[in-house]
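In this text, all values refer to a predicted model and were calculated from it rather than measured experimentally. Letters go in sequence order (proteins before strands), and every chain restarts at 1.
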Amino acid sequence: MDASDEEQDDRKGPKVNGLAVNGAHANGWIQKSKRGGGASSGSSVGGSSKLRELQAQRRRLPIAQGREALIEQIRNNDVTVLLGETGSGKTTQVPQYILESGIAGPGIIAVTQPRRVAATSLAARVAAEQGTTLGGLVGYSVRFDEVAGPDTRIKYMTDGMLVRELLSDPLLTRYSAIIVDEAHERTLRTDLLITKLKTILKKRNGDGPLKNKDKGKATAMSGNPVKVIIMSATLDAEKFSKFYDDCKILYVKGRQHPVKIYHTAEGQPDYVDATLRTLFQIHVDQPPGDVLIFLPGQEDIESLHKSIQLYASRLPLDKMAVLTCPMFAALPPAQQAKIFQTTPPNTRKCILATNIAETSITIPGIKYVIDTGKHKEKRHLAHDTGSGFDALLTRDITKSSAMQRAGRAGREGKGFCFRLYTEEAFEAMAVSSEPEIRRTSLTSAALQLKCLGEDIEDLDFLDRPDLESIISALKTLYFLNAVDKSNRITDAGRSMAAFPLEPNLACAVLEAVKNGCALEVIDIVSVLSSTSKLFFDISDEREVAAEVRRKFRHRSGDHMTILNALRSYQDVAATESKAARKEWCRKQYLNERTLLEAVKIRDQLRATCEKMSIGWQSSAQDDERPVTKSLFRGLVLHSALLQPDGTTFKQVYGRSVIKIHPGSAIADQKVPAIIYDELVYTNHIYARGVSAIPKAFLAEISTHIKSQIA
DNA sequence: TGGGGATTT
């Protein structure tokens, strides 16, 4: 291993003790931390030693030094950008400072997070620091789970929840402070919030410049002003500041141990083999400490897992043992939990992870990181004028990912990061990945904005989405009858937006209500919109799995097949224990995670129907025709016609020639036309989640929709 | 005839 041997100093930002404004050193005005007055710290009895220890810990956090300065800054400005490094304590402390100082009035302080786990665990921590029970003064709100009550003043929530709340309360009037955390991750929902907050600020705080406003001017809503704090961990802070009329940026140093970084002298095309060699080099030469290895996907993880076990079994007896733990999102929760168990004595734990370990989970005890420099990325490939398709590709990571990965070695002490790429390769990496708004479908966002009376093409974003992407979104909404030909939202469009679904699936549900099969379509759509796939193959058991699942097969295709599987699961779930249910799923080769999530989504969709006085109970019984017809309405842009060759299909509204995925229930049938859930590109463009439709459905599509085809 | 990075309402 050739070492370029540099201390980690990738983050070239100002590193100032405590806080500084716009990079200026802060010595003059930083004040000693004091317990603030203002709002009460909750219903704590005070005096418990645990609480005293938590409060002592709070005072030791890097951000505590700048507490008063930060409060003054927020008091005097509508918007503050806070650039805080890992371990600064910004996410837990800033909301408490705002509460304790009373600067944000009587409303709720919202703190948004891109991930559910972050929202729930942060809320638990802050509730403990306040000496209160979760759901009292401090609570959280994520999909399917809200722990908050009338006394809740600090609410951790997913960014998606706040975006959803915009639809019922466009000015977010319940909130007197909105803290957007992890803004550098640039999720679509964070970007939407940042954009909307700009107009919300103008409406609630007045039209003047956003910076340095000491007192709220008399405005329509001057009685209910809002404070906005954008928190970021990278230098993108400048961009946020510019967006909000050059508002001030505060910097707070983090608390991170140094990580020594090594690069290879040459590129490593066989990164799995290079990883194996590096790991055993660490194991033989380096002191105890656990190892975290970043790999692109499950396949590499499993192959490396086997190799490590093979080599580890041949280690001399006087060497420490090696315990390998795979870690990726699709892994069953029980196996995921293994990485948090304490390592047995005289053993080195070695975690093989995807980028789930980059931000989503923090594993304690990591001293060494091996970074292959690769990850998997879904790319939307445009194909002429037709609808595009997705491909999952292994690609180089970005500089910011590389830094984040290295940082995982320095959480508890001095660490080491072995990069399996050259320093030149690091320098050639992109700084950070493209914001999600420039990579993902905008159909749903465009519809939600339409509901708020705004046009996505006119809005001020941190980064503008591609015009092509906007046009495609609006075209899709028109095909679904969510907007009319003048681009105005329709009643149907408003109803679609009320569902927590992609507009195409929401459209299918509304159509199913008309066709008397809402029960079935809601069930199917619930599975389709789950995070994971229902039929999830284990590589060496594909044939057995296919055979076992044959009993769910429906001749019309995968949608009815999914319904059959869900129904069977429901029958088992009605009578059997949790353990028996799990065992049944395993035997049927069904992903229980998907089924559990689908049932929750189904209940939420039924509740949404009830709120809108839409009946969800209508059933087509055993007739699948109204079901596929309803799905066709939503998936109209995903329809394709059989070609004369009798095996391939051509998109009706695009130019791609596609095949039915071999795993489909109708892969071996000859059908005249199909609808599909998605296209995946491997050796061919394959349609997945396919059902047969009569050609007559296509003929029935009205002519004015046809005229819209590019 | 074949391959599931990570999020979220």
K450(A): side-chain contact (heavy atoms from CB on, under 4.5 Å) partners, not counting sequence neighbours: D455(A), L474(A), V483(A), N487(A), I489(A)
S141(A): partners by side-chain contact (heavy atoms from CB on, under 4.5 Å), with sequence neighbours left out: E146(A), K155(A), M157(A), M161(A)
Lys NZ or Arg CZ of R419(A) over F426(A) ring: under 6.0 Å, within 45°: yes
Position toward the 5' end of DNA chain B (nearest nucleotide), Q113(A) or Y686(A): Y686(A)
Position toward the 5' end of DNA chain B (nearest nucleotide), E377(A) or H661(A): H661(A)
Could you state the [atom1]-[atom2] distance from [X] to [N], rounded to the nearest angstrom?
| X | N | atom1 | atom2 | answer |
| --- | --- | --- | --- | --- |
| R688(A) | dG3(B) | CZ | P | 9 Å |
| R606(A) | dT9(B) | CZ | P | 21 Å |
| K374(A) | dA6(B) | NZ | C1' | 18 Å |
| H375(A) | dG4(B) | NE2 | P | 15 Å |
| L505(A) | dT9(B) | CG | P | 17 Å |
| F535(A) | dG3(B) | CZ | C1' | 17 Å |
| K533(A) | dG3(B) | NZ | C1' | 12 Å |
| Y681(A) | dG4(B) | OH | C1' | 19 Å |

[X] near the nucleic acid: base, sugar-phosphate alone, or nothing, with a heavy-atom cut-off under 4.0 Å?
| X | value |
| --- | --- |
| T359(A) | nothing |
| R115(A) | sugar-phosphate |
| T354(A) | sugar-phosphate |
| V142(A) | sugar-phosphate |

Set of residues satisfying salt bridge (Lys or Arg N to Asp or Glu O under 4.0 Å) with respect to D169(A), sequence neighbours excluded: none
Under the salt bridge (Lys or Arg N to Asp or Glu O under 4.0 Å) test, residues paired with R593(A) that sit two or more places apart: none
Out of [options], which has the shortest distance to the side chain of [X]?
| X | options | answer |
| --- | --- | --- |
| T682(A) | dT9(B), dG5(B), dG3(B) | dG3(B) |
| L392(A) | dT7(B), dG5(B), dG2(B) | dG5(B) |
| S360(A) | dG2(B), dT7(B), dT8(B) | dT7(B) |
| T531(A) | dG2(B), dT8(B), dA6(B) | dT8(B) |

Side-chain N or O of R116(A) closer than 4.0 Å to phosphate OP1/OP2 of dT9(B): yes
Under 4.0 angstrom between S444(A) side-chain N/O and dT9(B) OP1 or OP2: no
Donor-acceptor contact present, side-chain D558(A) to main-chain V690(A), <3.5 Å: yes
In dG4(B), glycosidic geometry as syn within 90° of 0 or anti otherwise: syn
Pairing residues for S556(A) by the side chain to side chain donor-acceptor pair (under 3.5 Å) criterion, not counting sequence neighbours: H554(A)
Separation between CG of N355(A) and CD1 of I397(A), rounded to the nearest 0.5 Å: 9.0 Å
Residues within residues 326-333 of chain A bordering DNA chain B, heavy-atom distance below 4.0 Å: F328(A), A329(A)
